[in-house]
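Below: the structure, in structure tokens.
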Amino acid sequence: MKKIAVLTSGGDAPGMNAAIRSVVRKALFEGLEVSGVFNGYQGLIEGKIEQFQLGSVGDIIQRGGTILRSARCPEFMTEDGRAKAMEQIKLHAIEGLVVIGGDGSFKGANELVKLGVPCACVPATIDNDITGTEFTIGFDTALNTVVDVIDKIRDTATSHERSFIVEVMGRDAGDLALWAGLGGGAESIILPEKPFNVDAIVNRLKSSTSRGKKHSIIVLAEGMMSATQLAEILKKEAGIETRVSILGHMQRGGSPSARDRVIASQYGARAVETLLSGKKSSAVGMRNHKVVDYNLEEVFTKREKLDLSLVDLAETLSI
Ligand code: F6P
């Protein structure tokens, strides 16, 4: 193998830059040529491909976002789009591709594998919802961002003796809401993985009020319902007034945490190693504190469950 390329795709995540840096530097260290593909799969289709040197990834380890830019690309999901991408891959003599992104990006890589392009996928999404790895790049930074916001909201909630609903990202997964709720000391955590029980939430709010608690924080994963909907339900069902904070895309921004930089560096280098070792279709990740690589198929065939014992713990601790 002489030349590889790297792209970022899907929703951006803090730490993607650290992963790009790692892929590029590890590849150069191993004597490979390495190119950056701009704008994800769209850029692959359009040939937005640039040869990278050591300096191309200087001064980026601490930056949020992705210097390669990202995109969601419906054209790549068509045969025609993929044929155009293949033309560019051949034109640029790319023999292996590192894809940094979430499960949609991994599906794209799987299509390229079917066309004979070896791919190594690096999990990067604040949702932490990739099967086979305990942690994705960006989750830790987003988690710290959300906990910081919860702390701030708690100040004003206490001053005004109010209840707040904090809506966090997580289209299909409650990891961010669960960890942020536990880390932020939320009274209730509402997740897509757990049946919604309005009575239980109302009872918790009422019992904490009767014990003299004047404020509460409910953390809600966006995949369950919107904060506005929940506020309406609580008002209608129990006459409970809440204030709503929807955190939105700020959760995807900011300088990556030290932990995200470290795992991004580990994952990026491991992805290059898997390509060099001749693996055609792999994902990298973390299991029991060890960096691993595994067959990409696993990501699509298994579904890992969220550790709901953390919900029980959060409820126990917020009585
Ligand atoms: O997949 C990551 C994520 O941030 C989800 O949590 C969120 O629902 C979605 O992306 C938002 O996507 P978009 O970038 O299209 O607004």
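Indexing begins at 1, ligand by ligand and atom by atom, following the structure's order.
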> Who passes side-chain hydrogen bond (donor to acceptor under 3.5 Å, both in side chains) against Arg162, sequence neighbours left out?
Replying inline: none
> What pairs with Ser309 under side-chain hydrogen bond (donor to acceptor under 3.5 Å, both in side chains), at least two apart in sequence or on another chain?
Replying inline: Asp307
>> Can you name the atoms of ligand 1, numbered from 1 with element, that are less than 4.0 Å from a heavy atom of Glu222?
In response: 5 (C), 6 (O), 7 (C), 8 (O)
[atom]: the protein heavy-atom neighbour that sits closest, reported with distance to 0.1 Å:
{"atom": "atom 16 (O) of ligand 1", "answer": "His249 NE2, 2.8 Å"}
{"atom": "atom 1 (O) of ligand 1", "answer": "Asp127 OD2, 3.1 Å"}
{"atom": "atom 11 (C) of ligand 1", "answer": "Arg252 NH1, 3.4 Å"}

>> Please state which option from Arg72, Met169, Arg171 has its nearest heavy atom closest to atom 12 (O) of ligand 1.
In response: Arg72
> Does CZ in Phe300 sit with more than 12 non-hydrogen atoms of other residues, nucleotides or ligands closer than 6.0 Å?
Replying inline: yes
> Does a side-chain N-to-carboxylate-O contact under 4.0 Å join Lys114 and Glu111?
Replying inline: yes
>> For ligand 1 and Gly170, I'd like to know whether there is a polar contact (N/O to N/O, distance under 3.5 Å).
In response: yes
>> Whether the Ser257 and Asp140 side chains hold a donor-acceptor pair (N or O, under 3.5 Å, no angle test) is what I'd like checked.
In response: yes
